[in-house]
Number of protein chains: 2
Amino acid sequence: MTQYMDCIVFLLAKAYQKSQNHLKTRLRPYGLTSVQALLLEALWEEQGLTAGEIGKRLALDNATVSGVLERLADARWIIKKNDPADKRVIRVYLSTKAMKHEASLIQERTTANDEILHGFSDAEKILLKRFLKDLL
Amino acid sequence: MTQYMDCIVFLLAKAYQKSQNHLKTRLRPYGLTSVQALLLEALWEEQGLTAGEIGKRLALDNATVSGVLERLADARWIIKKNDPADKRVIRVYLSTKAMKHEASLIQERTTANDEILHGFSDAEKILLKRFLKDLL
DNA sequence: CAATTATATTTTGTATACAAAGGAAATGGA
DNA sequence: TCCATTTCCTTTGTATACAAAATATAATTG
């Protein structure tokens with residue numbers, strides 16, 4: 001029982017799942033999943049991104065992006081439009097609903113982060129994030 | 001683009017996915033996924049665990065355990081038996097195939113771990129693991 | 001200009017994670 | 001003893017991640 005408990009993949013998996021749970025709980029009232037909220041954040045930063053650009057920015061593969069976009073559009077968080085200059089390209093825009101919730105959703109994510117990291121010192125937070133970034 | 005790049009959930013997710021890829025690649029020749037290999041490791045440590053016990057040890061929920069066990073049994077890595085003392089209970093045993101591959105599979109996991117952490121000093125490895133365990 | 005190659009997104013399929021529900025067996029109290 | 005409740009695992013459903021294939025459009029080449 002001790003060997004795989006020291007396996008980095010296992011530890012990352014469980015840490016991720018545990019942390020994600022904090023965020024998921026906070027997003028539930030909005031009817032959003034954490035990946036959906038993440039995608040909205042990318043759009044708040046820059047509207048009109050293509051599906052491919054979103055995938056690159058969020059390190060999501062195109063099949064996943066396609067599904068997430070579809071469900072976000074269905075729930076009226078985004079609007080998908082073809083690019084007139086290239087019929088293969090989908091550009092994604094935020095709906096009024098999304099614009100209205102920007103501040104609160106970002107707040108939810110920030111709060112979840114604080115919750116997750118509440119037991120760490122500032123130095124430890126920086127170090128942990130550096131370690132994780134080094135793994136990417 | 002910078003805000004969610006500092007989100008702990010995002011960083012953990014992507015670090016996990018990136019790391020898992022190393023392990024997945026090494027397990028592919030065996031036809032095993034990383035969670036399946038993880039489950040086999042639990043059984044090498046103790047045969048005859050119940051589905052529930054496996055779930056507890058590996059922090060897997062029962063629906064997931066059920067599916068993983070089913071596919072492992074189908075591929076002849078494990079044998080599922082009812083417990084005579086309690087018909088609700090499933091006890092899981094390793095097949096000959098699994099016993100034969102124990103050493104090599106553990107080696108694959110160890111090597112993947114080394115690969116993933118090759119850029120970290122020994123002290124950093126210890127610290128990273130401590131941080132992750134603190135998140136659980 | 002037509003054929004070939006490349007690109008963008010969607011679809012299809014498998015696996016895991018999780019929530020909820022279902023079915024069978026065991027338990028405990030009246 | 002009987003029955004309501006609890007327990008164990010499976011099934012069902014949704015979401016994401018990833019691999020592969022499909023479809024449509026754009027670019028390149030001869």
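As the structure is a prediction and not an experimental result, all values here were calculated from the model. In what follows, chains are A, B, ... by sequence order, proteins preceding strands, each numbered from 1.
- Map A:Arg28 and A:Glu70 each onto its nearest nucleotide of DNA chain C; the residue landing nearer the 5' end is A:Glu70.
- A salt bridge links B:Glu124 with A:Arg130: the closest approach of a Lys/Arg side-chain nitrogen to an acidic carboxylate oxygen falls below 4.0 angstrom.
- Taking atom CG on A:Asn62 and atom C1' on D:dA20, their separation rounds to 11 Å, with Å as the unit.
- Neither side chain, A:Thr111 nor A:Asp114, offers a donor N or O lying under 3.5 Å from an acceptor on the other.
- Each of A:Arg71 and A:Ala63 was assigned the nucleotide of DNA chain D with the nearest heavy atom; the assignment lying further toward the 5' end belongs to A:Arg71.
- Taking the ring centre of A:Tyr93 as origin, the terminal cationic atom of A:Lys81 falls inside the region bounded by 6.0 Å and 45° from the ring axis.
- Look at NZ on B:Lys80: it is 13 Å from C1' on D:dC8, rounded to the nearest Å.
- With hydrogens and angles disregarded, a donor-acceptor distance shorter than 3.5 Å links the side chain of B:Lys129 to the backbone of A:Asp6.
- Regarding B:Gln17, its CD atom lies at a distance of 11 Å from the P atom of D:dA19, rounded to whole Å.
- Atom CG in B:Leu69 sits roughly 12 Å away from atom P in D:dT11 (whole-Å rounding).
- Using cut-offs of 30° and 60° for the angle between ring planes, the A:Tyr16 and B:Tyr16 rings count as parallel.
- On the nucleic acid side, DNA chain C has its first and last nucleotide under 4.0 Å of a heavy atom of chain A at C:dA6 to C:dA19, going 5' to 3'.
- Picking from D:dA24, D:dT10, D:dA19 the nucleotide with the shortest atom distance to the side chain of A:Arg88 gives D:dA24.
- Of the two residues contacting DNA chain C, namely A:Ala13 and A:Ser66, the nearest-nucleotide position lying further toward the 5' end is that of A:Ser66.
- Ion pairing of A:Asp122 with A:Lys125 is present here, as a side-chain N (NZ or NE/NH1/NH2) and a carboxylate O approach within less than 4.0 Å.
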